[in-house]
Structures are given as C-alpha cells and as structure tokens.
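As structure tokens, the structure follows; a few thoughts come after it.
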Amino acid sequence: MYSTSMKDNRYFVRCLTITKEVSANNYIVDTGAKITCCNYSFLDESILEKDVVFCEAKIIGGLVKGNAVKFYRYPIRQFTIGTIDMGRQDIWITFDKRVTDIILGMDILKQVIIITNPYNQKIYFCRDTEDYKRNFRLNGETDSNN
C-alpha cells in the first residue's frame, strides 16, 4: 500500500518510469482523465518526435485553453506508483510545450484499488485485494509514505 496527502486541492503521487532513462515525477491523480499523459521531457529529454511516428497517435481537443493537443502512445518498461510496481504500461506523450502537468489517468488507475479518505485528506493505493486486506484500516494510520 502507498498513500499520499492532498496539496493545493490535488493529489500528487510520486511515480517512477523506466524507458531508456529512469525518471521520477509527481503525477496528478485525475480520475476524470481517461489516459495517463505528459510532455515527453518528463520521461526522457532525448526523445524526438520522429522517434515515435510508429506509435499510435491521437488528438485530444480542449486540453490546453480549449485547443487540441497531439499525443503518442509510448511504451514504458516499468511504471511504479509510489511503491507499487505496475510493470509495463503505455502512457501518452506530447511534444507540445503548453502541456506542463503530468496526469495519472484511469488507464493505469483502474488497475489498482484507490481509497480516498476525506477525514485525513489522503488517497491510498493498494496493488490488489491481498495488499488491501493486509494494510488498510479505515480508522487507523498504517503507513508513512508521504
């Protein structure tokens, strides 16, 4: 289990990504977002747009001040939410400099158990039911991974 606290009315979670490079960034937990996405530079500044032309592309409208942004599905060798290894995942990257947030969307979030606690303003991530049963108690604090 991993938990994080609310900051500035958002939940940020530290995620590790391994491509050719290893990077750790604070992702915004967004249950309203269908996809996990970011600017390519958060993963590896050496990625060039010509390197991803083989990847699936999609245009998402209204993302930045009502304008569309082009994203590419990009394979990640390992994606870790806090301390939870999610293995291989695809996330969506853009080369549009206007995209400055790193979003952890439902494509990855639906693979873990998420519990939000309004009383302590924390969000908890459990890998599976065993992790949930072993670590989560509504009335007690069980970890200090903030």
Side-chain angles (χ1 to χ4, degrees), residues 1-49 51-52 54-132 134-136 138 141-146:
M1 180 174 71
Y2 180 79
S3 72
T4 187
S5 298
M6 184 180 284
K7 182 180 177 184
D8 299 327
N9 287 322
R10 291 179 164 184
Y11 287 109
F12 292 90
V13 62
R14 195 80 169 157
C15 295
L16 175 79
T17 55
I18 299 176
T19 56
K20 290 182 281 184
E21 299 289 323
V22 176
S23 62
N25 292 291
N26 289 323
Y27 283 64
I28 299 168
V29 177
D30 188 345
T31 59
K34 291 182 181 181
I35 62 170
T36 298
C37 59
C38 66
N39 188 287
Y40 77 96
S41 62
F42 291 110
L43 300 178
D44 181 349
E45 290 183 345
S46 69
I47 300 171
L48 301 173
E49 193 163 7
D51 296 334
V52 297
F54 65 90
C55 296
E56 177 185 351
K58 71 167 52 179
I59 306 286
I60 300 176
L63 192 64
V64 178
K65 296 182 180 179
N67 296 315
V69 175
K70 185 175 188 176
F71 285 91
Y72 299 91
R73 183 188 299 262
Y74 193 76
I76 304 295
R77 288 192 341 225
Q78 180 184 335
F79 189 90
T80 304
I81 299 173
T83 58
I84 301 171
D85 180 359
M86 302 297 296
R88 295 183 64 82
Q89 298 290 322
D90 290 338
I91 67 172
W92 294 82
I93 63 171
T94 185
F95 293 85
D96 190 323
K97 290 179 176 27
R98 298 173 300 164
V99 175
T100 57
D101 288 336
I102 311 171
I103 303 299
L104 180 58
M106 288 306 296
D107 55 344
I108 293 178
L109 289 172
K110 68 183 178 185
Q111 300 173 50
V112 295
I113 297 169
I114 306 167
I115 302 113
T116 57
N117 186 334
Y119 300 110
N120 65 6
Q121 298 297 296
K122 285 190 171 190
I123 189 169
Y124 298 85
F125 300 87
C126 298
R127 178 67 186 124
D128 52 28
T129 55
E130 287 303 314
D131 187 19
Y132 174 81
R134 186 174 49 250
N135 294 304
F136 188 76
L138 183 59
E141 288 298 315
T142 59
D143 92 321
S144 60
N145 295 329
N146 292 320

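Everything numeric in this text was worked out from a predicted model, so none of it was measured. Hydrogens, waters and symmetry mates are skipped; everything else that's a heavy atom, side chains included, is used.
Taking both residues in full, the closest heavy atoms of Leu43 and Glu21 are given as O-CB, 3.9 Å, listed atom of the first, atom of the second, then distance. Here the closest non-hydrogen pair linking Asn25 and Ser23 is ND2-OG, 3.8 Å. Here the closest heavy-atom approach between residue Ala68 and residue Arg98 is recorded as O-NH2, 3.3 Å.
Counting only N and O atoms by type, the side chains of Glu49 and Tyr40 include no donor and acceptor under 3.5 Å apart.
Between the CD1 atom of Ile113 and the CZ atom of Arg127 there is a distance of 10.0 Å, given to the nearest 0.5 Å. Rounding to the nearest 0.5 Å gives a distance of 6.5 Å between CD1 of Ile81 and CD1 of Ile108. Rounding to the nearest 0.5 angstrom, the gap separating the CD atom in Gln121 from the OG1 atom in Thr4 is 12.0 Å. Atom SG of Cys38 sits about 8.5 Å away from atom CZ of Phe71, to the nearest 0.5 Å. Atoms CG and CD1, from Asp90 and Ile76 in turn, are 8.0 Å apart once rounded to the nearest 0.5 Å. Between the OG atom of Ser3 and the OH atom of Tyr11 there is a distance of 10.5 Å, given to the nearest 0.5 Å.
In this structure the side chain of Cys15 reaches within 4.5 angstrom of the side chain of Leu104, judged on heavy atoms. Residues Arg77 and Lys20 form no side-chain contact, since every pair of their non-hydrogen atoms from C-beta on lies 4.5 Å or further apart. Contact annotation: the side chain of Thr17 never approaches that of Gln89 to less than 4.5 Å [non-hydrogen atoms, C-beta and beyond].
A search for ring pair (Phe, Tyr, Trp, His ring centres under 6.0 Å) contacts involving Phe125 returns nothing, not counting sequence neighbours. In this structure, Thr31 has no side-chain hydrogen bond (donor to acceptor under 3.5 Å, both in side chains) partners at least two apart in sequence or on a different chain. In this structure Phe79 satisfies the ring pair (Phe, Tyr, Trp, His ring centres under 6.0 Å) test together with Tyr27, sequence neighbours excluded. Considering only residues two or more places apart in sequence or on other chains, Phe12 meets the side chain to side chain contact (heavy atoms under 4.5 Å, CB included) condition with Lys7, Arg10, Asn26, Ile28. By the side-chain hydrogen bond (donor to acceptor under 3.5 Å, both in side chains) test, Thr94 pairs with no residue at all, sequence neighbours left out. Residues forming a side-chain hydrogen bond (donor to acceptor under 3.5 Å, both in side chains) with Asp30 (at least two apart in sequence, or on another chain): none.
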Full working for side chain to side chain contact (heavy atoms under 4.5 Å, CB included) between Thr19 and Ile47: CA-CA 10 Å; Thr19 56; Ile47 300 171; 5.6 Å; no
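Not one N or O on the side chain of Arg14 forms a donor-acceptor pair closer than 3.5 Å with the backbone of Gly82. In this structure a side-chain-to-backbone donor-acceptor pair under 3.5 Å is present from Asn135 to Asp131. Side-chain N or O atoms of Asn39 include one that pairs as donor or acceptor with a backbone N or O of Asp96 at under 3.5 Å. Here the side chain of Asp101 pairs no donor or acceptor atom with the backbone of Ile103 at under 3.5 angstrom.
The environment of Lys58 atom NZ is dense: over 12 non-hydrogen atoms of other residues, nucleotides or ligands sit within 6.0 angstrom. Under a cut-off of 6.0 angstrom, the local environment of OH in Tyr132 is sparse, with at most 12 non-hydrogen atoms contributed by other residues, nucleotides or ligands.
Each of Asp107, Thr36, Ile60 was scored for a side-chain contact (heavy atoms from CB on, under 4.5 Å) with Trp92, with one residue passing: Asp107.
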